[in-house]
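The structure appears right after this line, and notes come after that.
Because only heavy atoms are used, hydrogens play no part in the values below, and waters and symmetry mates are left out as well, while side chains stay in. All ligand and atom numbering here is 1-based and tracks the order in the structure.
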Amino acid sequence: MSRDHLVLAGARIVTPGGVLDPGWIRLAGDLIDAVGAGSAPEPAGVDLRGQWVLPGFIDLHVHGGGGASFTEGPEDDARRAAEFHRGRGTTNLLASLVTAPLAELEARCAMLAGLADDGVIAGLHLEGPFLAPARRGAQDPRHMLAPDAAVFDRLHAAARGHLRVITLAPELPGAAAVIEAATRSGVTVAVGHTDATADVTMAAIDAGATHATHLFNGMRPLHHREPGAAGALLDRAEVTCELIADGVHLHDLVVRLAARLAGPGRLVLVSDAMAAAGMPDGSYRLGSLRVTVAGGVARLADDPGGAIAGSTATLGGVVRHAIAAGVPVPEVAAAASTTPARVLGLGDGTGALSPGRAADLVICDDDFRPRAVMRQGNWLTRPAVSGPR
Ligand SMILES: [Zn+2]
């Protein structure tokens, strides 16, 4: 078997057209060369009977993992956080920053832009600083700013073309100008940490907002006479909606309802993971705030029983939970890979098990626990199989 030509066979393969059971994938170098149903047309290099192959997960919202953060600490920490998630199936991710003093945000943008240059991360997500204190969640209200296009331009410049998503509260004065500046720069505007009404959110979508940051979390609840941002974001066909389907942030029924309403083309599963992902209970930081993790649930240390502070999940864990909650496997794969790839403008390059796309894939056991990860044709963790490789 030549090194750059490999056939994986015998697994249930999740493709945009449905699950091939069994199916095979032929890889050539860093690309998927061919995908088919039934037995492979040539001997399998890796026999994956009893396992699933899903496209590599793409996380649009992640602050850290494995004890390391994008939001603070040295560059090596940010690399470790990305590596932690990659080894667990997230083959592409945006590094998410939280609200912080402006000079610090600029410095973090500049540092993370270097990691994007190196291909360690797919870009940056600014979750702040133009957020509503009333819906701050685990964000520091002392550093929140009124939306200001000049401030946006500074942060955009610091990120050197790698800023991909900015979350803002559209009800704040000045938000329209930032939505316009971001849209003009090709940055996706996400509505989140907002107390906006449905009408205000509709106007923001008309102005160019196309994404929802962790739908339902950090916004007013969907009320039947004032459906709020959540109702408006779900209603509009051009909006992609993040869900933190980790079993903590949302009731499983809400996950199913939102998945049904948004459909696989608009649903985006995210981890919103912080440094504590993959780590034991204890004390951590999220930006400037202290966080306590107990029983796997992260909460602000100064607000016990209060605001949930990001998650301790990986996107693979969210995928597994969403499937257990009743979302069909192909829709989960679309929401964890295909749709976020499209949001990043990578829709032709990755995000699906289709010929011509990057060989980014996750092999899961029967219970959807990631067992092996391939990124751009390279095994990050190898499958446990007996046959030749
Ligand atoms: Zn977040």
TODO: Would you please classify the geometry between the F152 ring and the H156 ring as parallel, tilted or perpendicular, with 30° and 60° separating the classes?
DONE: parallel
- [ ] Over 60° means perpendicular and under 30° means parallel, so classify the ring planes of F368 and W52, tilted if in between.
- [x] tilted
Open item on the list: Suppose we only allow N, O or S atoms; which atom of D272 ends up nearest to the Zn ion (ligand 1)?
Closed with: OD1
Task: Angular separation of H61 NE2 and H63 NE2 about the Zn ion (ligand 1), given to 10° - done: 110°
Open item on the list: Between E171 and T194, is there a side-chain donor-acceptor contact under 3.5 Å, judged purely by atom types and distance?
Closed with: yes
Open item on the list: For a distance under 2.8 Å, tell me if H214 has an N/O/S atom near the Zn ion (ligand 1).
Closed with: no
- [ ] Specify which N/O/S atom of E127 comes nearest to the Zn ion (ligand 1), by atom name.
- [x] OE1
Open item on the list: When you measure from the side chain of R285 to the backbone of S69, do you find a donor-acceptor pair of N or O atoms at a distance under 3.5 Å?
Closed with: no
